[in-house]
Amino acid sequence: AFARQLRDMIELAAVVTQGALARDECRGAHYEPAFRIPIPEGKFAGDPEFEVYRDRWHANNAQWLKTTIAEHTEDGPRLSYREVDLRPGPVPGSYLWEGPKTDFPALGLQPQNPASLFAAKLLEARPGERVLDLCGGAGLKAFYLAAQGAEVVSYDLNPRRQEAGARTARRLGLWVHYRTQDLTRPVPERAKKVLLDAPCTGTGTFRAHPELRYRLSPEDPARMAALQLQLLETAAQATEEGGVLVYSVCTLTEEEGEGVVRAFLARHPEFRPEPVQPPFPVLARGLGVYVDPRGGLDGFYYAKLRKVNSQA
């Protein structure tokens with residue numbers, strides 16, 4: 001099953017890679033024409049429809065951004081969105097940047113794919129609300145949460161990524177608290193809103209990372225799913241009763257999406273899945289939702305889980 005699934009993803013990667021190539025051409029890098037990328041035999045190879053997809057993706061050299069600017073007051077920087085002359089994205093507060101790469105923080109802008117941004121939006125964070133961002137990396141999702149006025153604590157194992165994120169946060173006028181920890185162990189705090197954007201095989205990001213299709217092995221989804229379950233245990237302990245836990249991964253495998261959430265809910269009857277309604281097309285629905293990685297979107301899986309009874 002994985003072999004068939006991976007083959008389909010590789011075929012899709014032959015299409016979605018065009019966005020990555022076009023993006024790098026904008027930066028001055030040189031590539032052979034996109035249609036000369038070797039692709040395996042499959043439904044896109046030799047298919048006239050492939051030419052249509054190729055042209056569509058080659059033309060899509062844009063980046064999605066969320067727009068922020070800091071207004072400095074006596075109490076420190078206060079963040080608000082500003083209107084800009086850019087085409088709106090599918091998630092409120094996001095825009096499409098159609099020019100070459102620039103110094104985005106200097107403009108109050110932060111590049112982020114809408115599918116990634118939506119994972120943070122699912123928490124519906126309010127001003128003053130404490131939010132835990134687990135496996136937060138540099139904190140891109142934390143930036144969005146902080147922009148809503150939430151008090152964000154971002155955990156990750158990699159201090160270098162956190163240091164880079166802290167520098168960007170300061171340039172954007174945002175307050176994000178970074179803490180470095182192995183998240184297979186419990187965190188020393190709890191919150192009503194918890195986001196776990198877990199490490200994964202990344203099969204939803206072939207558009208930006210086409211090299212991944214050469215690195216995956218049949219064992220990788222199961223290996224990552226075992227780690228994701230461990231991380232969900234940490235996230236569950238950190239979620240207060242009545243609170244929301246959002247689980248997201250930028251992959252399209254069943255093992256790392258529905259499979260992980262199904263196993264988690266079997267162990268934790270105190271959690272209940274809630275509906276997820278993304279503002280873009282989906283591949284499949286179940287306990288959560290898989291995003292269709294087309295039109296510039298990364299492929300993502302989301303599950304929104306409510307902790308209804310800690311004694312269950």
Side-chain angles (χ1 to χ4, degrees), residues 1-23 34 37 39-40 42-44 50 53-54 56-57 60 62-64 66 89-91 94 96 111-122 135 137 140-141 144 195-218 220-225 227-228 246-262 276-304:
F2 173 77
R4 289 195 303 273
Q5 189 176 49
L6 182 57
R7 183 184 181 86
D8 287 345
M9 290 176 185
I10 288 173
E11 291 171 351
L12 181 59
V15 176
V16 301
T17 296
Q18 317 316 320
L21 295 178
R23 181 196 61 209
I37 295 174
I39 59 175
K43 61 185 177 183
F44 290 112
F50 176 75
Y53 283 121
R54 185 204 72 201
R56 181 189 305 166
W57 282 93
N60 182 17
Q63 297 193 53
W64 294 99
K66 55 186 179 186
V91 179
S94 69
L96 182 63
Q112 186 171 18
N113 193 272
S116 174
L117 176 59
F118 185 71
K121 186 174 178 60
L122 276 172
C135 300
L140 295 188
K141 295 176 181 65
Y144 172 81
L195 171 62
L196 172 61
D197 185 44
C200 65
T201 55
T203 59
T205 65
F206 282 147
R207 178 186 61 84
H209 302 285
E211 74 282 358
L212 289 176
R213 56 185 168 148
Y214 301 111
R215 297 179 181 174
L216 294 176
S217 69
D220 286 340
R223 178 176 59 83
M224 295 306 300
L227 173 61
Q228 291 152 0
V246 170
Y247 171 72
S248 67
V249 282
C250 56
T251 189
L252 301 175
T253 66
E254 196 279 338
E255 293 97 323
E256 300 170 86
E258 288 284 291
V260 166
V261 173
R262 191 180 305 112
V276 175
Q277 298 293 339
F280 20 73
V282 301
L283 285 173
R285 295 180 182 273
L287 297 171
V289 168
Y290 286 94
V291 173
D292 190 347
R294 296 184 187 271
L297 295 172
D298 286 340
F300 256 81
Y301 174 83
Y302 319 109
K304 184 176 182 180

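Note that the structure is predicted; figures quoted are calculated from it, not measured.
- Ring centroids of Tyr302 and Tyr290 are separated by 6.0 Å or more, keeping the two rings apart.
- To the nearest 0.5 Å, atom CZ of residue Phe206 and atom CG of residue Leu216 are 5.5 Å apart.
- Here the closest non-hydrogen pair linking Val91 and Pro279 is CG2-CG, 4.2 Å.
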Given Asp220 and Thr201, is the side chain to side chain donor-acceptor pair (under 3.5 Å) satisfied, shown in steps?
CA-CA 7 Å; Asp220 286 340; Thr201 55; over 6 Å; no
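- Remark: the backbone N or O of Asp298 is paired with a side-chain donor or acceptor of Asn113 at under 3.5 angstrom.
- Between Val261 and Ala303, the shortest heavy-atom contact is CG2-CB, 3.7 Å.
- Considering SG of Cys200 and CD of Gln228, their distance stands at 6.5 Å, rounded to 0.5 Å.
- Atoms CG and SG, on Asp197 and Cys250 in that order, are 6.5 Å from each other to the nearest 0.5 Å.
- Leu195 approaches Ala120 most closely through the heavy-atom pair CD2-CA, 4.2 Å.
- Using a 4.5 Å heavy-atom threshold, the side chains of Phe280 and Asp292 count as separate.
- Between Met224 atom CE and Glu255 atom CD the span is 12.5 Å, to the nearest 0.5 Å.
- Residues Lys141 and Lys121 fail the side-chain proximity criterion, which asks for heavy atoms closer than 4.5 Å.
- Atom CZ of Phe300 and atom OG of Ser248 lie 5.5 Å apart (nearest 0.5 Å).
- Of all heavy-atom pairs spanning Phe118 and Pro278, the tightest one is CZ-CA, 3.5 Å.
- In this structure a side-chain-to-backbone donor-acceptor pair under 3.5 Å is present from Arg285 to Val276.
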Leu212 vs Thr205, side-chain contact (heavy atoms from CB on, under 4.5 Å): CA-CA, chis, key distance, verdict:
CA-CA 8 Å; Leu212 289 176; Thr205 65; 3.5 Å; yes
Worked verdict on Ser116 versus Leu140 for side-chain contact (heavy atoms from CB on, under 4.5 Å):
CA-CA 9 Å; Ser116 174; Leu140 295 188; 5.7 Å; no
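- Taking a cutoff of 4.0 Å between a charged side-chain nitrogen and a carboxylate oxygen, Arg223 and Glu256 do not qualify as a salt bridge.
- When atom types are taken as modelled, the side chain of Thr203 and the backbone of Leu252 share a donor-acceptor pair closer than 3.5 angstrom.
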Does the side-chain contact (heavy atoms from CB on, under 4.5 Å) test come out yes or no for Val289 and Tyr301, once each step is laid out?
CA-CA 6 Å; Val289 168; Tyr301 174 83; 5.9 Å; no
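- With Glu258 contributing its side chain and Gly288 its backbone, the two residues share a donor-acceptor pair below 3.5 Å.
- The two residues Pro90 and Pro114 make their nearest non-hydrogen contact at CG-CB, 3.7 Å.
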